[in-house]
Chemist: 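This structure is in structure tokens; I'll ask about it shortly.
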2 protein chains.
Amino acid sequence: MALALVDIDAWQLDHGKAVSPQLRIVLRSRIIRNDLKPMCRLSEPELAKEYGVSRQPVREAFITLVDEGLLEIRPQRGTFVKRIDFEAVLNGRFVREAVEADIVGKLAERADPALIRHLREQLTEQSRVADRSPEQFIELDETFHISLASAAGLKGVWDYLEPVKSQMDRVRFITFEELPIARLIRQHTEIVDQIERQDVAAAKAATRQHLREILNSLPEIQELYPDYFENSRALTGE
Amino acid sequence: MALALVDIDAWQLDHGKAVSPQLRIVLRSRIIRNDLKPMCRLSEPELAKEYGVSRQPVREAFITLVDEGLLEIRPQRGTFVKRIDFEAVLNGRFVREAVEADIVGKLAERADPALIRHLREQLTEQSRVADRSPEQFIELDETFHISLASAAGLKGVWDYLEPVKSQMDRVRFITFEELPIARLIRQHTEIVDQIERQDVAAAKAATRQHLREILNSLPEIQELYPDYFENSRALTGE
DNA sequence: TCCTGTTGACTTGTATGGTAGTAGGCAAGT
DNA sequence: ACTTGCCTACTACCATACAAGTCAACAGGA
């Protein structure tokens, strides 16, 4: 449930704690960060040797990742990193849009000054890393959205969004060097502004537009890396 | 991912297919249907013997159910059916409300006559079983909501709602004999009506109200079965 | 050259044994 | 009576062994 991405290189297994959950997190991170590429084959015994454990914990980690739509186990054949499902990504965006718009709407009704301050601090922080580390910006972006949910007393809602987001994040990490960070920050600012003005409708609209922007690069990415995607036909979608 | 509830009594294990997923489904069904009660202890070896398999598949089924928030594994202590988390249920409702309102909104924009017909057929079907089998009504209710998502071309979205719904369904099954079925059908009808009239705002509002109604009985249930719930303090929540 | 049947090295799925940790009862000591 | 320490019966977790299916390479015959 607590599924933060971890630094793949610096990571090490803690033999004091249970192994399977740790493997789950690191494998999840590697997939979302596009370190393990779509269609890449994952061998149970190979990973077991690599991390110095037996097959069983690896296998259990696999199972949870299948549930999250990141892995595909073909019995007696092999386990593979799932290609990105175009439709799943769009569905994820739909869910996030609906939920986060409502969250922001709730916040706009109250416009708590302390919250506004807190969010504006995050905005300046985002600007600071903007032209330095896109990867770091993604983390701050995540923090920003979680803050919105928490402030609305709906932190638990974010847990439900976790698998939804993982699909979208894979897309972002493929070309994270080209993120239109400046624009994303402007949109964040717009959201905060509208919350502050207590304009519920405008705040919701800004949120929806922002979440659409996130996937603006999707068609482009799909054209650049068609092999990463499940169904290339979706480009011609209605 | 395909997680329909199964008939607990008539169910039997198919030795041709993989065991773990089957166990997952049947255990999930038993928990949601309140056959396995909150705080109930589940013994790995005992269930293994009961279903005539080894411990490993049972364990793997457990892991997926932990992810879904239905089970809790306390290492070296035991595995228990989770009590219902009041907050998780409310958060689930929040997510469903946001998402399904948007779905219905989309439908209201088009108001496809064939869809309207299809939905009205379901409504009469619902009325038919209304005063006969509450359990069957719950299934039809599920069908109704799935139909809405499918019609909007968002069937995939429903997959994301599955874990959300499981929390809510547990509540419904505890007192499913007392479901205000007539009222729920009226609300379904209201939704269809507003879709037909292409009144987007009204359709969304009707959907939201309906989903709030579903959990109207929650405080009452919590009072009747306080042991089933995680945190009884939530009753005084804002 | 092409087709076919077999073999063997893979894979995941299942079964089982061993390890470490927990909880509770019981007995000895205070 | 009360506390303390041990001991037994449990638990989840991990390791390992076995079973069953898949796939590709290869040998042999048409």
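Being a predicted model, the structure only gives us computed values, none of them experimental. By convention in this document, chain letters (A, B, ...) are assigned in the order of the sequence lines, proteins followed by strands, and residues within each chain are numbered from 1. Values reported hereafter were calculated over all heavy atoms of this structure, with side chains retained and with hydrogens, waters and symmetry mates removed.
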Chemist: What pairs meet the side chain to side chain donor-acceptor pair (under 3.5 Å) rule with one or both residues in residues 30-39 of chain A, with sequence neighbours excluded?
Modeler: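 Passing the test, one end in residues 30-39 of chain A: A:R30-A:D35, A:R30-A:Y51, A:R33-A:E135.
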Chemist: Can you list everything that forms a side chain to side chain donor-acceptor pair (under 3.5 Å) with A:S150? Sequence neighbours excluded, please.
Modeler: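 Per chain and number, A:S150 pairs via side chain to side chain donor-acceptor pair (under 3.5 Å) with no residue.
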Chemist: Could I get the full list of salt bridge (Lys or Arg N to Asp or Glu O under 4.0 Å) partners for B:R208, not counting sequence neighbours?
Modeler: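 B:R208: salt bridge (Lys or Arg N to Asp or Glu O under 4.0 Å) contacts with A:D102, B:E97.
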Chemist: If the condition is salt bridge (Lys or Arg N to Asp or Glu O under 4.0 Å), which residues does A:E213 pass it with, not counting sequence neighbours?
Modeler: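 A:R183.
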Chemist: Quick one: ring-ring contact (aromatic ring centres under 6.0 Å, His included) pairs with a partner in residues 133-164 of chain B, sequence neighbours left out?
Modeler: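 Found B:F144-B:H188, B:H145-B:H188, B:H145-B:H210.
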Chemist: For B:K82, give me all partners under salt bridge (Lys or Arg N to Asp or Glu O under 4.0 Å), at least two apart in sequence or on another chain.
Modeler: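 Listed in chain order: nothing, the list is empty.
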Chemist: Produce a footprint string for nucleotides 7-15 of chain C: one letter per nucleotide, 5' end first; B if the base is under 4.0 Å from any protein heavy atom, S if only the sugar-phosphate is, - if neither.
Modeler: ----BBBBB
Chemist: Got a sec, which residues hit salt bridge (Lys or Arg N to Asp or Glu O under 4.0 Å) with B:E46, two or more places apart in sequence or on another chain?
Modeler: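 Not a single residue meets the salt bridge (Lys or Arg N to Asp or Glu O under 4.0 Å) criterion with B:E46.
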Chemist: Would you grab the first and last nucleotide of DNA chain D (5' to 3') that comes under 4.0 Å of any non-hydrogen atom in chain B?
Modeler: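 Range of nucleotides within reach of chain B: D:dT11 to D:dA15.
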